[in-house]
Amino acid sequence: MAGSNAAERISTPPDEELLRVIREAISAATLRPEADAISELRAALGPVERKLALAKIRATHWVEVARADKRARPFAESMMEQFPLDSAQGRALMSLAEALLRTPDPARADQLIAERLTEVRGGGRNPISQAVAGALHDAGRGGAAVGAGVATGAGAAGRDGAAGGASRAATDRANDNWLLRAGFTLLGGISRLLPNVANELAGEFTAASVAKPVVAPVVRATLRRAMRMLGEAFIVGETIDSALERGKSNAALALCSFDVLGEGARTEVDAQRYFDSYAAAIEALGHQPPGTVHSRSSISVKLSALEPRYTLLQSGRVARVLIPRMLELARKAAAVGIGMTIDAEEADRLELSLDIIEALARDEKTVRWDGLGLAVQAYGRRAPFVIDWVARLARVTGRRMTTRLVKGAYWDSEIKRAQERGLSSFPVYTSKSATDASYLVCAQRLFANNDVIYSQFATHNAFSVAAVLEMAPTNAQYEFQRLHGMGELVFEAVRADIPRLRPVRAYAPVGTHEDLLPYLVRRLLENGANTSFVHQFLNPQVPVEQVVRDPVSALNESNSKIREPQALYAPERRNSDGPDWGDPAELTVLKNELEKRARQMYAGGPIISGKTVRDAAVPVHSPSNFLEIVGTSRDATADEIEILRRLKIKGRTPTRMYYYRELQNLRDPLNFRKSTVAKA
Ligand code: FAD
């Protein structure tokens, strides 16, 4: 990838200058043409073609082993198998989960349930959906059939136990599957009730039930409970202490990055609450047995949880409020010797998050701490530059940093938001193969900076894992990561093949169902998509060859179904241009323009006879800042309005003289008449 490495292009300017230049390269690459970015990916992966071929052989073996494993399916995999997003039921389940837990208004919640449950019950177009529809039906009568439809689950896990090899992970899996079965059973029961309550739920009461809803509140409460049960299987514990306790007996949870659930704080009270939870979690994590930063469980932090105004437009406030908060958390994490990773969120927040990370990296009090880290999303067209920047920042500040490489969890909303805003292109790739290839290019970059970056490869995709293993330099220090409830079978197969596999850390959400929703919806969205690895992995109808496809071979495939933002309304019209609220350069232009306008004083008044009347004007204050005067104006008086109304009735366009005469007339008819008569 000659010349694409921002650090290489520049002829050795001082380190600080280099850091600034890489930041500019990141901004410039945000919406770069996809074709350019893809040709760089292809060039970068050319030299490792052979390694990728070997990776494919390995990944094929792991998938075959996992498919042959007849024990319980992990929770998320089961759920995605049952409710794929390309089925009406999958979509219905997701919108139920999202809208139900988010809808406080009972009447609306009932309407929504009525609408969505009809879809969940409907026969799907694939055999699995039909099985679920059947299972839901049976569940209303007996319940147990759902379990049978969902997993070889508890029974198989139980057999493990009886055989004496009972791993705690299997017990956990059985518990999760129990939750899943119970959730589906409730869902099934409700679903059977539906014909009797559909009208009531929809608010169309029959004569018989016209008095008031009777069954609807029960249905609503049961369904909420069912959704919570489905959601809770993604959570490791309600508190860090209970999660750590669980990790003592379950090897799969011994090494975690805890996600204290909660994001998108809406108020300062929310932000303070989340801050306190993070601080308490860090303190609790300090009580783990001693060890190096990377051998202990760590914490993941979402910046959006800690500041309700976490947007580039509010960068001043973010610097005043959020940076000190993050500094406090980072110092606490450093003091107790655990890692802290800043999660990657929406693309238009990336630049702002880099400002915050830079401030943390420059904190001399934590310079000896190796645990400061960030997540980088490979689906972003600028991802490799972000890794260049992290490496340079680590060098400039004389510290070793951590980078978690993910593919990115906000793909659908990035696509939609870019179209809605009329951006010049998308910040993310539009084909899965491009994201997969970008993941590998980012991995190369991380390994190239092994001396200053400890890499964490977060993926459940067998091919991505195999390719990372093939590309890793001999003495590289790194780890893999997976989400709790997912990827267990893949990593079990990998470890059976490679006993000395590097550590695998689980990303483990901690909290209560109130804060679970955004996390749950992201998981359903990303894993329910039919291109997702988790979705295809265990599905016998998808050939293994397709599951472990080398992404480079598919790089030419563009996603023609997705319209570029500018072509959203084609052929009728071009979409209107919108600003990228995440681009500091665009915001600077906008800000300068606003400041120029702010210096201007505006004078207004009623327009009479084509002229603005400016007499007796009063100051006009800015609605956003009442202390600021933006100009002067006054409203039309009642008399002025009355004259204009009369003239309008007469169909005359008033001259100025006529207007003033009429005005006098109106104010003092007697005097006016006298003076007119005198003149005459
Ligand atoms: P795969 O099925 O191989 O990849 C799925 C991914 O491919 C999608 O999520 C999407 O990124 C991408 N994709 C799908 N369709 C397309 C398309 N048409 N065009 C382009 N790309 C496409 N995500 C964050 O955003 N921020 C985080 O901070 C974060 N932290 C995480 C921490 C851990 C430990 C883990 C395991 C995951 C984390 N994730 C985070 C979520 C992560 O992004 C997803 O789990 C991941 O994308 C799934 O990738 P995969 O390799 O397992 O699956």
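Bear in mind that the values here come from a model prediction, so they are computed numbers and not experimental data. Every number for a ligand or one of its atoms is a count from 1 in the order of the listing.
Scanning Arg404, Glu414, Glu479, Lys407 for the heavy atom closest to atom 49 (O) of ligand 1 points to Lys407. Taking only non-hydrogen atoms, the option from Arg505, Lys432, His460 nearest to atom 1 (P) of ligand 1 is Lys432.
Listed by chain and residue number, nothing satisfies the ring pair (Phe, Tyr, Trp, His ring centres under 6.0 Å) test with Phe258 (two or more places apart in sequence, or in another chain).
For an aromatic pair to be called close, the ring centres must be under 6.0 Å apart, and Phe447 with Phe457 satisfies this.
A donor-acceptor pair shorter than 3.5 Å can be found between the side chains of Thr430 and Glu34. For the 3.5 Å distance criterion, the side chains of Thr366 and Arg399 qualify, holding a donor opposite an acceptor. Side-chain contact annotation: Thr402 with Gln456, donor-acceptor N/O pair under 3.5 Å absent.
Residue-ligand proximity, Ala458 to ligand 1, at heavy-atom distances under 4.0 Å covers atoms 33 (C), 34 (C), 35 (C), 36 (C). Of all atoms in ligand 1, listed by their number and element, those nearer than 4.0 Å to a heavy atom of Ala375 are 28 (O).
Here Thr459 has heavy atoms under 4.0 Å from ligand 1 in both its backbone and its side chain. The residue Gln456 has no part lying near ligand 1, judged by heavy-atom distances below 4.0 Å. Both the backbone and the side chain of Phe533 come within 4.0 Å of ligand 1, judged by heavy-atom distances. Under 4.0 angstrom from ligand 1, the non-hydrogen atoms of Ala409 come from both its backbone and its side chain. Neither the backbone nor the side chain of Thr341 comes within contact range of ligand 1; no heavy atom lies under 4.0 Å.
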